[in-house]
Amino acid sequence: MAEYNHKAIEPKWQKRWEEESVFVAPDKPKAGKKKYVLDMFPYPSGAGLHVGHPEGYTATDIYSRYLRMNGHEVLHPMGWDAFGLPAENYAIKSGVHPKESTEQNIKTFTRQIKSLGFSYDWSREVNTSSPGYYRWTQWLFLQLYHAGLAYKKEAPVNWCPDCQTVLANEQVIDGKCERCGHKVIQKNLEQWFFRITGSDPKGKHGSYPERLLSNLETLDWPDPIKHMQANWIGRSEGAELEFEIKGSSSKIKVFTTRPDTLFGATYMVLAPEHALIRELKGQIENWDEVQQYVKAASSKSQLERTDLAKEKTGVELKGVRAVNPGNNEEIPVWIADYVLSSYGTGAIMAVPGHDERDFEFAKKFKLPVMQVVDSGEDLPSISSGKVVNSGKFDGQDSEEAKWKITDAVKGRRTIQYKLRDWLISRQRYWGAPIPIIYCETCGEQPVKEEDLPVTLPDDVDFLPKGESPLSRSKSFHNVKCPNCESPARRESDTMDTFVDSSWYFLRYTDPKNQEEFADKKKIKAWMPVDTYVGGAEHAVMHLLYSRFITMALHDLGHLGFPEPFLKLRNQGLILGPDGQKMSKSRGNVINPDEVIENFGADCMRMYEMFMGPLEDAKPWDTNGIVGVARFLERAWNVHAFVDTEYLNQEQELIVGRELARTVKKAEDDIQSFNFNTAVSAFMIFINAVYKVERISTHHWETFLKALNPFAPHITNELWEMLGHKEVIEKEKWPEVDVLLLAQDEVMYAVQVNGKLRGNAMVSTSASEGDVTKKALALANVAKHVEGREIAKAVFVKGKLINFVVK
RNA sequence: GCCGGCGUGGUGAAAUUGGCAGACACGCUAGGUUUAGGACCUAGUGCCGCAAGGCAUAGAGGUUCGAGUCCUCUCGCCGGCACCA
């Protein structure tokens with residue numbers, strides 16, 4: 001018999017699957033039999049495939065193959081999240097056009113992914129940087145635009161004055177430009193946003209934050225991910241209260257989650273950006289000082305403002321006094337950058353007796369501190385503070401007092417979210433152009449749908465020169481107004497790549513459609529995604545944005561479901577052999593090509609599954625993979641033991657039983673995504689076969705079918721060696737012989753006072769009395785029970801008996 | 001700081017969810033076999049002890065007939081958020 005040679009076997013079967021279109025998904029799956037199993041599509045980076053990628057891909061591949069063997073029709077596609085900053089940076093450095101480098105990278109990724117034998121339907125491949133795809137990303141923008149869910153406003157960007165360019169947050173290191181080291185400043189630009197904090201434009205379904213939060217309950221997602229999304233949305237209930245300003249008609253509106261502490265409010269704080277400051281100019285006695293503070297705060301980057309947060313700063317608005325609506329007391333008004341303009345109303349009532357930050361501020365500026373009694377909380381211990389009661393609301397619990405006080409001062413119950421609108425403008429070249437035209441006479445005009453796509457021009461230089469690269473392409477930039485035909489200019493910003501990836505799962509259902517983003521019937525046939533697998537690093541952004549886009553398309557009548565991903569599972573990081581994150585600079589990167597070259601795709605797949613639980617971070621062990629390699633070698637050599645008959649019945653029973661257990665375990669583990677223990681079950685089976693050195697053809701076939709989703713190449717080859725002409729993928733998942741799983745005898749653990757003293761083998765149907773008798777007959781048990789009184793016995797059927805003695 | 005998660009042999013990890021801790025692998029030890037190639041086979045391998053036995057799931061308490069699993073506190077590591085009123 002030939003030796004196991006993965007290099008000869010693997011390409012052979014990969015070619016066969018492709019030629020016979022074994023994994024092509026139909027457009028019309030049988031009713032109730034569809035499964036959409038999706039991987040997070042990769043960014044095709046220049047570094048090539050990382051060993052981390054195949055981990056999730058193998059998991060979904062095993063699952064997809066298992067589902068197909070159980071009569072499901074499976075949509076299992078792959079594609080490329082191909083726009084993005086690295087390709088553009090590479091172009092700046094090397095002069096290679098992003099289109100070229102991206103194409104090259106996709107080629108490499110395709111080769112590497114195909115070499116692992118995954119059962120993707122390659123006929124549905126998508127690429128977000130192709131005009132055929134981003135045309136529909138632009139279409140999506142227009143839908144949101146027309147529905148009022150896309151709008152423009154001024155927002156700060158990180159700006160490097162030296163490079164004359166906008167920087168992404170990850171390009172800012174310690175407040176400095178990663179390229180030139182120059183200090184990064186904040187600069188305001190007009191930018192596009194998606195209104196994720198808004199509501200269904202048709203008014204039927206309510207607010208997005210609310211739904212994004214409450215729908216989480218309906219999803220089969222890991223709890224930590226749901227938690228992170230909930231925190232990100234950051235819902236809090238509270239009240240909006242108004243404070244009058246002495247000598248002015250203006251009022252200060254504040255949001256508070258603790259209206260019950262109103263009587264403890266001893267001063268107010270406005271964010272430095274608050275509009276009231278300008279309004280009250282005439283009243284403010286120290287205007288110069290105030291102006292200076294406002295200016296200083298605005299030039300600080302967000303990073304600085306939070307970094308330098310250790311010491312609180314602020315300035316009092318001298319001459320401005322607010323009136324506490326609870327007790328009509330006059331209190332001072334301050335400005336300070338620890339109050340954010342982006343949250344709540346941009347102003348707070350400060351209650352230093354109940355809030356640590358306010359307390360810190362009050363301490364520094366020697367402001368009075370008061371606590372409200374009966375607030376039902378552990379109060380921070382303060383030395384100089386006074387205690388005040390909450391007037392007529394004294395004695396009520398704080399939840400009740402909250403709303404009574406709110407009503408008494410004519411406040412309004414309200415809900416605030418931390419979630420902010422999604423900034424989608426990027427001052428970059430390598431992304432989908434935003435389909436908007438600015439006309440001098442008609443103003444802002446959306447590109448007409450029939451004029452899409454707005455194609456990315458090729459003749460652009462990427463060197464940073466102070467404006468978006470696209471604005472320097474005259475052919476792109478100068479256009480006619482779609483409305484009045486007079487000279488106009490195109491929007492030169494491109495979209496955040498998260499927009500590209502927030503709808504790609506829809507495109508897979510109909511990737512070549514030129515009339516629509518996807519055919520309604522095809523979407524209905526396949527969506528929503530049944531199982532989605534990817535890294536936990538996308539816990540918030542990608543998953544939240546995809547949910548929002550799906551929800552918005554649903555509200556606008558394009559989709560029949562509000563949630564895109566029913567079940568989500570995360571894969572953990574694969575670390576270097578040193579237990580550190582893999583990186584070039586550490587020199588601990590494992591190259592998948594080399595692993596496949598040395599051990600083969602089947603071995604790589606199985607080892608990645610065997611390493612440990614899918615969601616855990618696990619170090620790559622260069623020696624550990626040898627165990628799986630040996631297993632495959634041994635499985636290969638079992639072929640020599642195959643015979644139609646066993647030598648005796650005992651042999652047949654041993655192998656049959658072990659096989660039934662293995663298939664059952666593999667099935668359970670695939671369904672629950674515990675792939676590591678499924679691999680060990682296969683190993684146990686092969687070890688058992690080596691003990692008897694014989695297996696029937698039928699049993700061997702059953703085993704090969706169960707192993708196929710994990711190691712598709714070797715199982716096909718061994719299957720063919722048994723004389724089969726068709727690929728093994730055409731087979732059904734083997735049924736487990738339940739009778740073989742049934743045992744006629746069980747082993748009971750016998751404990752005395754909770755300590756194991758022996759084991760008793762009894763028949764499965766034995767009663768408690770039978771077990772007791774047999775257990776007490778054990779010498780070691782008798783020894784520990786002798787001369788003492790058995791107070792009671794705890795009997796767990798089929799497991800154990802525990803004698804409690806005095 | 002806040003919110004989550006995790007902590008089991010020399011190593012990666014199992015443990016039917018409160019019921020015999022350490023399955024399956026790596027490594028190591030011994031023997032066999034082959035000796036050219038990350039080789040193969042058999043046996044052993046948590047710690048202490050000659051043994052009987054005792055001790056062991058980060059540490060300390062608790063609940064329970066029984067705890068890796070539940071509760072409380074402490075320590076350590078990882079992830080997310082970061083002045084969110």
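Below, read A as the first sequence line, B as the second, and so on, with proteins coming before strands; counting in each chain starts at 1. Only this structure's heavy atoms are used, side chains among them; waters, hydrogens and symmetry mates stay out.
- Residue contacts shown for A:L800 include a base, since a base heavy atom lies under 4.0 Å away.
- Base-pair partner of B:rG31: B:rC41 (Watson-Crick or G-U wobble, both distances under 3.5 Å).
- Along RNA chain B, the nucleotide closest to A:N676 and the one closest to A:N780 are compared, and the more 5′ of them pairs with A:N676.
- Across B:rG19, B:rG38, B:rG4, the shortest atom-to-atom separation from the side chain of A:V626 is found for B:rG38.
- Under 4.0 Å is where a charged nitrogen must lie from a carboxylate oxygen, and between A:K664 and A:D668 at least one such pair does.
- At the heavy-atom level, A:Y748 lies nowhere under 4.0 Å from the strands shown.
- Using P as the reference atom, B:rC2 and B:rC73 are 13 Å apart when rounded to the nearest Å.
- For B:rG7, the glycosidic angle deviates from 0 by more than 90°, giving an anti base.
- For A:M683, whose side chain is taken as the heavy atoms from C-beta onward, the closest listed nucleotide among B:rC24, B:rG19, B:rA85 is B:rC24.
- A donor-acceptor pair under 3.5 Å links the side-chain atoms of A:N5 to the main chain of A:K7, judged by distance alone.
- Only the P atoms considered, B:rU35 is 39 Å distant from B:rC48, to the nearest whole Å.
- Sequence order on RNA chain B of the closest nucleotides to A:G758 and A:I684 puts A:G758 first from the 5' end.
- A:V796 comes within 4.0 angstrom of a base, heavy atoms only.
- For a distance-only test at 3.5 Å, the side chain of A:K799 fails to qualify as a donor-acceptor partner of the base of B:rC20.
- There is a side-chain donor-acceptor pair under 3.5 Å between A:T313 and A:Y293.
- A:N802 comes within 4.0 angstrom of a nucleotide base, judged by non-hydrogen atoms across all strands.
- Summarising the base pairing, B:rG76 is matched to B:rC6 through a Watson-Crick or G-U wobble pair whose two defining distances lie under 3.5 Å.
- Taking the P atom of each, B:rG19 and B:rC71 are spaced 15 Å apart, rounded to whole Å.
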